Amino acid sequence: MDPHATELFAVYQPGRFFCELTHDRPDDAGVSALIRQRLEQIGGAALRARATAAESDLIDLGITFTVYSDAQAIDRILPFDCIPRILTAAEWARLEAGCLQRVAALNAFLGDIYHGGKIVKDGIIPADLVFGNPNFRPEMRDFPVPHGTYVHVCGIDIIRDEFGAFRVLEDNARTPSGVSYVVENRHLMLRAFPDLMAGVRLRPVDDYGYRLRVAMNEIAPDGTDNPEVVLLSPGIYNSAYFEHVFLAREMGVPLVQGADLIVENDRVFMRTSAGLRRVHTVYRRLNDDFLDPEIFRADSLLGVPGLIRAWRAGHVAIANAVGTGVADDKAVYAYMPRIIKYYLGEDPIINNVPTRICREPDALAYTLEHIDELVIKPVGESGGYGITIGPRASRAELDAARIALRADPAQWISQDLIGLSVAPTLTDEGIGARHLDLRPFIITGRDSWVLPGGLTRVALKQGSLIVNSSQGGGSKDTWVLAEQGR
Amino acid sequence: MMRADPILLARDAENLFWVARYMERVENLARLIDVAQSFESPGREAESWAALVAINADEANFATWLGTEAETDPMQVKRFYLLARDNPTSIPACVEQARTLARTLRPLISTEMWRQINVMHRFVLRIQPLDLEGDSLSRLCTRLKEAVQTHTGVTEGTMYRDQGWQFYQLGRQLERADQTTRLLDIKYRLLVPRDREARRVTELTQWNAVLRAAAGYHAFKRLSRGAFNVQDVAEFLLRDPSFARSALHCVRRCETHLDDLRRMHHLHGIAPAIERAEYLRAYLLDPPMAGILAGDLHDYLDRVQILLMEVASAIGRGFFRNWQPPALIHELEQYQG
């Protein structure tokens with residue numbers, strides 16, 4: 001512990017968990033100690049005052065997500081914690097390599113299963129898990145996508161266990177969100193805490209919009225010199241609408257809604273003041289189901305009738321591709337180490353959390369027997385819903401989980417309960433240890449690129465393991481230290 | 001490669017037009033409320049407030065909102081316009097609309113514009129019944145005017161001058177012209193004393209208040225060299241070429257923006273709007289004011305308002321579209337994917 005750390009950190013207790021700021025990391029060039037020292041200098045009261053000012057800044061700027069209940073619209077900010085999460089250059093190099101490997105495997109897997117499914121024939125993964133998966137899109141069969149890329153934007157949720165090892169918790173291969181907060185959090189830190197950051201060399205995060213735009217250009221139909229890219233959003237009622245605005249702005253492309261687009265002659269056009277204008281790439285932030293009423297939900301007005309037809313005719317590109325949901329399914333997740341091995345001949349650089357697939361009898365038996373030690377997750381849900389954390393569940397909750405497991409085992413996986421790493425977080429009682437995770441973002445067009453850092457989500461409630469924004473999570477600025485001499 | 005002229009979605013063009021209209025409406029409503037208050041005379045308070053409802057063509061709307069056939073109570077009118085979010089013509093409702101539209105326009109408008117609207121929205125939603133009492137009301141009106149003026153200034157200073165700017169300005173100028181005709185109309189709905197001298201004094205007071213509300217009092221005095229007659233005031237508010245809120249000035253500004261859309265942005269379909277605006281300009285300039293005043297000024301103002309609507313419709317038909325069927329709104333609210 002730092003000798004100057006007498007006030008804030010004197011009472012800080014990370015317990016048995018790995019702490020992202022106080023754990024001794026020889027390769028952090030002394031930055032963690034320096035930041036602790038500076039936090040002490042600023043002091044608890046000043047930190048809180050500045051954090052409050054920073055949050056009111058977010059409200060004024062409308063960097064918010066909207067929660068709708070009873071026809072009431074409530075604008076909420078993603079609570080921001082001003083104590084940064086620090087990743088060393090070496091940690092990041094490993095995370096980056098792990099993410100690139102994972103995305104390569106996801107794309108190879110999707111390419112394979114939509115072109116015959118060799119991996120299924122070879123018995124690596126059960127057929128019904130792939131072809132019987134509700135997220136498998138038969139429409140995608142034998143349809144080639146540019147550069148073999150299905151997952152153009154990927155967010156991989158990574159946690160750190162008690163021993164400081166990174167593990168993948170979940171892949172998000174559909175329309176992962178949160179990247180806007182990575183960039184906005186950095187801007188906020190630069191405005192509100194320049195003295196905390198002074199002299200610390202960090203990998204920048206400003207490149208995301210440009211990289212995304214380049215990838216969108218790369219997948220545009222052949223022979224297009226200046227591709228017209230649009231971002232397709234469900235509109236202001238979507239909770240991620242701010243991010244849609246952010247990305248459209250960063251890419252310099254129109255932010256469209258379904259009704260702004262029209263398909264004629266298998267080509268996509270947008271309605272502008274000067275008439276119809278051709279669109280070449282659609283970065284959609286709309287689920288598959290809503291994308292095209294001709295193919296999917298017929299009652300959807302959010303989508304664009306004929307969009308898939310135009311895509312299949314090769315006149316427009318769609319990112320992410322349709323049908324990627326089969327790859328980030330929680331059941332398929334369990335097979336990811338084998339999937340990586342199968343396509344790349346490598347072991348995972350970042351391992352999964354030990355996971356059991358309850359559709360398999362042994363796994364189900366083990367899960368039922370050890371239910372009070374495990375985390376039980378439904379395969380189809382996202383946003384942290386439907387999860388039972390064994391050691392924290394009441395007897396009634398465990399009974400309910402058992403009944404659900406027996407009723408339909410294929411709907412569930414179980415995982416070891418990982419003691420998520422913690423980081424000092426500003427609370428009403430000084431600083432406290434709070435659990436967090438990390439979601440790096442990977443963009444893939446012709447090649448893949450990983451945004452340095454990613455979104456650090458933090459469970460603001462003491463002891464809570466659920467970091468989702470819809471359930472009381474906040475975020476931190478994620479610092480990736482620049483390599484020495486870089 | 002840099003673009004020559006950024007793409008503007010038809011929906012965004014329409015929303016820019018309406019953001020400007022709603023914001024302008026807020027400023028003018030604040031001006032009208034301020035002037036209605038100064039028209040109050042002891043024992044006859046209700047009269048000027050009833051006039052305010054009348055010139056906004058809100059009689060039916062107001063009666064429904066009130067839920068009774070009771071006499072117009074001044075405090076109810078103030079609430080109706082300053083507090084009632086369920087009244088679509090209230091200031092909170094207009095600001096809510098403007099902010100919702102601004103949200104859809106965030107990729108186009110500046111961060112400063114969005115921030116200011118956002119902050120203003122919060123201020124307007126926090127207006128309390130107490131702010132409508134006594135001398136607080138005038139201060140509230142001033143704050144509202146200043147909030148819109150800040151919006152106008154931030155917009156002027158930060159908004160990119162592409163097509164979107166032209167549509168925004170068209171919305172603003174059409175709304176402003178419309179509101180000036182209403183301001184003029186309010187005066188004609190007020191009773192004046194029968195006694196000749198009392199009548200002269202009352203008229204003078206009322207016209208001065210109208211001029212002040214329109215921010216034209218000092219300019220008018222300079223032009224009229226201190227003298228006063230009704231014809232000059234009407235002439236000034238409707239036809240002065242240099243007064244920022246005169247109907248003529250606003251229509252001329254519209255014509256400039258329409259012309260820019262035609263020449264700089266090469267938009268087809270602008271011709272009908274240009275024709276309607278030309279016709280309106282002639283209608284504003286041609287009839288002698290003495291004749292209008294001798295006849296029915298209210299009818300004349302009504303006609304000007306209809307012609308303004310025709311210009312707006314021509315712009316709408318040319319460039320906007322009814323892009324969002326009502327069923328979609330419901331689905332959007334349901335969709336949280």
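Below, each value reflects all heavy atoms present in this structure, side chains not excepted, and no hydrogens, waters or symmetry copies. Every chain is numbered from 1, with letters handed out A, B, ... down the list of sequences. Keep in mind it's a predicted model, so treat the numbers as computed, not measured.
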What parts of residues 56-64 of chain A touch chain B if we use heavy atoms and a cut-off under 4.5 Å? A:Asp57, A:Ile59, A:Asp60, A:Leu61, A:Gly62, A:Thr64
Student check: side-chain heavy atoms of B:Arg106 and A:Phe242 closer than 4.5 Å: yes
What one should report as the nearest heavy-atom pair of B:Arg11 and A:Leu255 is NH2-O, 3.4 Å
Heavy-atom closest pair (B:Pro107 atom, A:Val245 atom, distance to 0.1 Å) is N-CG1, 4.0 Å
Check whether A:Val256 gets within reach of chain B through its side chain, its backbone, both or neither, counting any heavy atom under 4.5 Å. both
Checking A:Phe246 against chain B: side chain, backbone, both or neither under 4.5 Å from a heavy atom? neither
Among B:Arg115, B:Glu112, B:His266, which residue forms the greatest number of heavy-atom pairs with chain A at distances under 4.5 Å? B:Arg115
Over 12 non-hydrogen atoms of neighbours within 6.0 angstrom of [atom1] in [X]:
| X | atom1 | answer |
| --- | --- | --- |
| A:Arg76 | CZ | no |
| B:Arg281 | CZ | yes |
| B:Leu130 | CG | no |
| A:Tyr210 | OH | no |

Between B:Ile7 and chain A, which part of the residue has a heavy atom less than 4.5 Å away: side chain, backbone, both or neither? side chain
Part of B:Leu267 lying under 4.5 Å from any heavy atom of chain A: side chain
Got a second to check how far A:Arg249's CZ is from B:Leu108's CG, nearest 0.5 Å? 10.0 Å
Among A:Glu250, A:His244, A:Met270, which residue forms the greatest number of heavy-atom pairs with chain B at distances under 4.5 Å? A:Met270
Dump the intermediate steps for side-chain contact (heavy atoms from CB on, under 4.5 Å) on A:Thr272 and B:Phe319, then the final yes or no. CA-CA 8 Å; A:Thr272 78; B:Phe319 307 102; over 6 Å; no
Given A:Ser273 and B:Phe320, is the side-chain contact (heavy atoms from CB on, under 4.5 Å) satisfied, shown in steps? CA-CA 7 Å; A:Ser273 57; B:Phe320 311 153; over 6 Å; no
